[in-house]
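The figures here come from the full heavy-atom set of this structure, side chains too, leaving out hydrogens, waters and symmetry mates. Indexing begins at 1, ligand by ligand and atom by atom, following the structure's order.
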Amino acid sequence: MESKVNPRFMPFLILQLILMTHICLGADTIFANQSLSGAQTIVSAGGVYALGFFKPGTSSNYYVGIWYHRVLKQTVVWVANREKPVSDRFSSELKISDGNLVLFNESKLPIWSTNLSSTSSPVHAVLLDNGNLVLNDGSNSSKPLWQSFDNPTDTFLPGSKIGYNKVTKTHQLLTSWKNSEDPSPGPFTLQLEESDKSYIIAWNRTSQYWTSGAWNRRIFSLIPEMRLDYIYDFSFVDNDNESYFTYSVKNTSTTISRCVLGPSGQIKQLNYLPAVNKWTLFWAQPRQQCEVYPFCGVYGSCAEFSLPFCRCLMGFEPKSQSDWDLEDYSSGCKRRTKLQCGNESLTNGQGDRFLKMPSMSLPENKQSLRVGSTAECESSCLSKCSCTAYAYDDNGCSIWTGDLLNMKQLAANDEIGTTLFVRLAASEFQNHPKGFPHNRKLYIILFGIIAAAVVSSCIACSVYYLRRKNMVKKQGNRRSNIQGYQQLSLYKSERQITDFILSGQLKEDGKKGINVPFVALESILAATDNFSEANKLGQGGFGPVYKGKFPGGQEIAIKRLSSGSGQGLQEFKNEVLLIAKLQHRNLVRLLGYCVEENEQMLLYEFMSNKSLDLFIFDQKLSALLNWEIRLNIVMGIARGLLYLHHDSRLTIIHRDLKTSNVLLDEEMNPKISDFGLARIFGGKQTEASTNKIVGTYGYMSPEYALDGLFSIKSDVFSFGVVTLEIITGKRNTGLYQSEQALSLIGYVWKLWKENSALDLMEATLSETCTADEFLRCINVGLLCVQEDPNDRPTMSNALVMLRSETGSLPSPKQPAFIVKRSLSCLAASAKPLSNNGLTNTLSEGR
Ligand SMILES: *[C@@H]1O[C@H](CO)[C@@H](O)[C@H](O)[C@H]1NC(C)=O
Ligand SMILES: *[C@@H]1O[C@H](CO)[C@@H](O)[C@H](O)[C@H]1NC(C)=O
Ligand SMILES: *[C@@H]1O[C@H](CO)[C@@H](O)[C@H](O)[C@H]1NC(C)=O
Ligand SMILES: *[C@@H]1O[C@H](CO)[C@@H](O)[C@H](O)[C@H]1NC(C)=O
Ligand SMILES: *[C@@H]1O[C@H](CO)[C@@H](O)[C@H](O)[C@H]1NC(C)=O
Ligand SMILES: *[C@@H]1O[C@H](CO)[C@@H](O)[C@H](O)[C@H]1NC(C)=O
Ligand SMILES: *[C@@H]1O[C@H](CO)[C@@H](O)[C@H](O)[C@H]1NC(C)=O
Ligand SMILES: *[C@@H]1O[C@H](CO)[C@@H](O)[C@H](O)[C@H]1NC(C)=O
């Protein structure tokens with residue numbers, strides 16, 4: 001700065017200097033003679049993290065914390081004074097005092113400290129580039145006196161540890177924030193379970209509701225997502241002094257990653273995308289919100305298929321509406337009207353009555369009674385003032401005394417659902433001789449009254465349930481008493497549907513049923529404007545795809561399987577069962593399904609950028625795909641396939657991977673769709689054959705197209721074709737140059753042999769792409785389309801090769817581009833291709 005400065009920049013520099021001295025101590029260290037106050041921060045040497053006072057959300061409290069310096073939306077990873085905020089940061093001070101780092105509040109009283117017994121030498125606090133705040137003395141000992149990594153809050157950063165120190169007998173554990181605006185310790189903790197070396201998430205430190213499974217030297221057995229270890233290195237250390245789990249990112253310059261135990265009680269691995277300034281979810285556990293115990297608090301009921309997830313039972317209201325507005329449901333609900341037990345005379349002889357709630361997962365702490373009928377069970381409960389609910393099922397009579405906790409509203413087909421009868425004051429039923437759910441009109445009126453307080457939900461919104469970021473908050477909450485009613489009516493058909501689907505040949509899922517919400521045809525018709533042409537997004541392999549807009553603005557894609565042919569049925573069952581189990585950011589999420597009146601529909605997350613083929617084969621749009629985006633798409637597809645091929649329990653072969661089956665979200669992340677043809681392999685089976693050849697011309701491997709043999713290597717072949725198409729922007733089935741008979745594969749091979757594969761690079765790419773990277777992708781693409789499946793790499797090898805910056809790759813052997821001619825005959829004999837011609841999916845012959 002001191003050297004030659006262009007005078008034009010002087011005002012800017014001066015301003016910056018003023019700001020710097022004002023905001024920063026200009027360093028990464030707090031020395032004994034310094035203090036940090038107000039808007040001042042210290043920033044780690046590489047500019048990665050910052051430490052200072054922050055204010056979460058709309059809260060008026062200030063906390064001292066560490067956040068990412070370069071992430072625009074302040075994302076806090078550590079908090080010092082979680083429980084003791086200050087309200088005026090300018091008169092509060094963080095400084096070294098008596099050999100400790102101490103936070104003094106407005107009254108100059110210490111409210112937080114590193115709490116070390118005092119040391120003689122002067123100490124200083126340094127913020128490191130890994131997010132660790134360490135307290136060192138002048139001596140050069142490797143061990144810091146104190147470090148924030150030993151005292152994590154809710155965030156597990158790469159390089160820090162979660163575990164147990166056997167010497168000091170202390171846990172390093174994560175404790176959730178109370179809610180998004182209050183970092184004080186919430187009810188959920190993630191910690192090491194010493195006995196079996198697994199990690200658990202518990203509520204109130206005592207009630208465990210999730211476990212990672214045991215460490216198997218590579219991953220924790222119940223987190224298959226950890227197999228995707230091309231981003232991270234994981235290690236679990238267990239020695240005489242300590243046991244802990246830690247991880248690091250392979251490339252710290254490209255990956256910003258954090259693992260956080262959120263106020264929702266789920267642990268989430270998030271990665272930051274600087275290009276769009278967003279955190280993206282890599283995985284979350286438990287996968288279902290309602291598996292978090294007891295997420296909705298007392299008298300709250302959790303429904304996975306609605307947003308918000310929680311609501312109070314009828315006759316109850318949130319204890320703290322402001323907490324509920326912040327999605328903090330832990331305080332639960334309270335009765336609106338006191339129970340009348342023993343006071344019948346005062347209420348004109350009206351005692352308490354029971355509200356019937358079908359398909360519930362029952363609350364905890366039931367007591368079993370030996371009585372022989374529902375009526376006796378009910379009167380037993382009524383006769384005890386403390387009894388709040390009863391249920392009568394195959395196991396006989398159960399009653400509950402005291403508050404009801406951990407209830408879930410299940411889908412009507414769920415086999416473990418039971419009818420629960422909840423005790424309410426009779427006045428809650430006034431004018432309802434038959435109880436609420438039977439009288440639609442009164443039900444609605446009553447709910448209209450409660451609606452403002454009760455955070456309600458609707459089945460039409462059920463597709464939101466995984467898409468919280470799009471959720472319409474407060475107005476939405478007060479919306480939907482009517483839709484709430486629909487919810488009841490549409491379940492009646494759901495059992496039939498489940499029976500129907502389970503009667504199919506696919507037995508993989510046993511009796512567990514479908515873990516995906518059922519959405520009523522009625523609401524789909526409304527959302528798509530009766531499948532209007534304007535809402536049609538395109539034509540998929542098995543029928544048209546529509547865009548639907550649900551109340552609240554949520555957009556989803558609806559695949560309407562063509563009826564009549566009967567072809568789609570098997571695929572439909574297959575797809576629902578299969579995709580319901582899959583969760584990966586490079587696979588399209590199934591959000592719901594519908595079978596009604598000869599209609600079969602699948603509801604997917606809506607991909608604003610539609611499918612990849614619309615981009616890469618379009619002259620104008622392809623210019624938007626620079627090299628980085630293309631490579632990201634190739635990698636994403638590879639990751640998605642890797643997940644399918646090496647998921648924890650199953651090997652899934654997609655069988656119809658092609659560019660039109662790769663959808664793009666708003667950030668141009670690829671997501672593989674169309675699992676209608678996928679096959680699941682159990683156990684060790686890796687190859688199968690079929691006499692029904694399905695798939696798409698141009699993407700099919702020769703052994704599959706000709707002999708009906710398919711394996712993960714046939715998907716690898718398709719991946720090779722897709723890769724070549726993405727980087728060259730040409731269709732495999734197009735015609736190139738004068739070599740009219742040549743497919744893209746043949747053409748690429750020809751140029752590769754002639755050492756002129758760089759000619760394939762589109763002019764628009766030359767600015768963003770290096771020759772090395774381009775050739776590496778071509779090389780990998782060619783390796784994937786080799787004729788002999790055994791020569792083709794697995795998807796994990798393909799990924800490694802795509803990422804390796806150095807190191808030479810194997811030379812590809814001649815690819816199987818001869819398949820084109822053979823296929824034309826085959827296609828002709830199998831089924832006429834539709835007017836969409838070559839890129840359409842071949843249908844399964846009957
Ligand atoms: C504070 O202490 C450090 C190290 O002892 C020294 O380098 C620095 O000059 C001091 N700053 C002030 C403002 O006294
Ligand atoms: C500062 O902290 C002390 C001790 O916790 C507390 O008694 C006092 O009220 C606090 N002062 C202010 C202004 O909050
Ligand atoms: C420091 O120690 C005091 C008393 O031992 C305790 O109340 C306080 O919570 C401790 N503070 C921290 C940050 O550990
Ligand atoms: C501390 O160690 C570093 C490198 O290990 C060395 O450069 C430095 O001089 C040492 N300082 C002291 C006070 O020993
Ligand atoms: C939390 O657990 C403690 C025992 O560890 C228990 O005394 C307390 O009642 C529990 N809190 C709630 C809200 O259940
Ligand atoms: C455990 O701690 C002791 C004392 O600090 C040390 O000598 C020993 O090397 C440690 N063991 C391991 C495995 O780190
Ligand atoms: C990390 O990624 C960057 C950008 O892609 C690259 O330049 C660098 O070499 C990579 N570092 C490692 C260690 O792989
Ligand atoms: C019965 O009524 C009396 C007087 O209204 C009230 O104090 C008492 O709490 C009531 N008992 C119950 C169980 O509601």
> Do Ser361 and Leu410 have side chains that get closer than 4.5 Å, going by heavy atoms?
Replying inline: yes

>> Using a strict threshold of under 4.0 Å (side-chain N to carboxylate O), is an ion pair present between Arg82 and Asp182?
In response: no

Tabulate below the donor-acceptor pairs under 3.5 Å that side-chain atoms of residues 53-62 make, not counting sequence neighbours, or state none.
residue : atom : partner : partner atom : Å
Thr58   : OG1  : Glu181  : OE1          : 2.8
Thr58   : OG1  : Glu181  : OE2          : 3.0
Ser59   : OG   : Asn61   : N            : 3.0

>> Between the side chains of Glu242 and Lys161, is the shortest nitrogen-to-carboxylate-oxygen separation below 4.0 Å, so that they form an ion pair?
In response: yes

>> Counting only nitrogen or oxygen atoms and a 3.5 angstrom limit, does Trp203 reach ligand 5?
In response: no

> Can you find a heavy atom in the side chain of Ile267 that is under 4.5 Å from one in the side chain of Val260?
Replying inline: no

>> I'd like to check which ligand 6 atoms, numbered from 1 as shown, lie under 4.0 Å from a non-hydrogen atom of Asn239.
In response: 13 (C), 14 (O)

>> Can you confirm whether more than 12 heavy atoms, excluding those of Lys166, are under 6.0 Å from its NZ atom?
In response: yes

>> Are Tyr49 and Tyr68 an aromatic pair, judged by ring center distance below 6.0 Å?
In response: yes

>> Check the orientation of His171 and Tyr164. Use parallel for under 30°, tilted for 30 to 60°, and perpendicular for over 60°.
In response: tilted

> Any idea which atoms of ligand 5 are less than 4.0 Å away from a heavy-atom of Thr206?
Replying inline: 5 (O)

>> For ligand 6, which is the ligand I care about here, please tell me if Asn241 has any N or O atom under 3.5 Å from one of the ligand's N or O atoms.
In response: yes

>> I'd like the contact residues of ligand 2, where contact means a heavy atom below 4.0 Å.
In response: Asn105, Glu106, Ser107, Leu109, Ile111

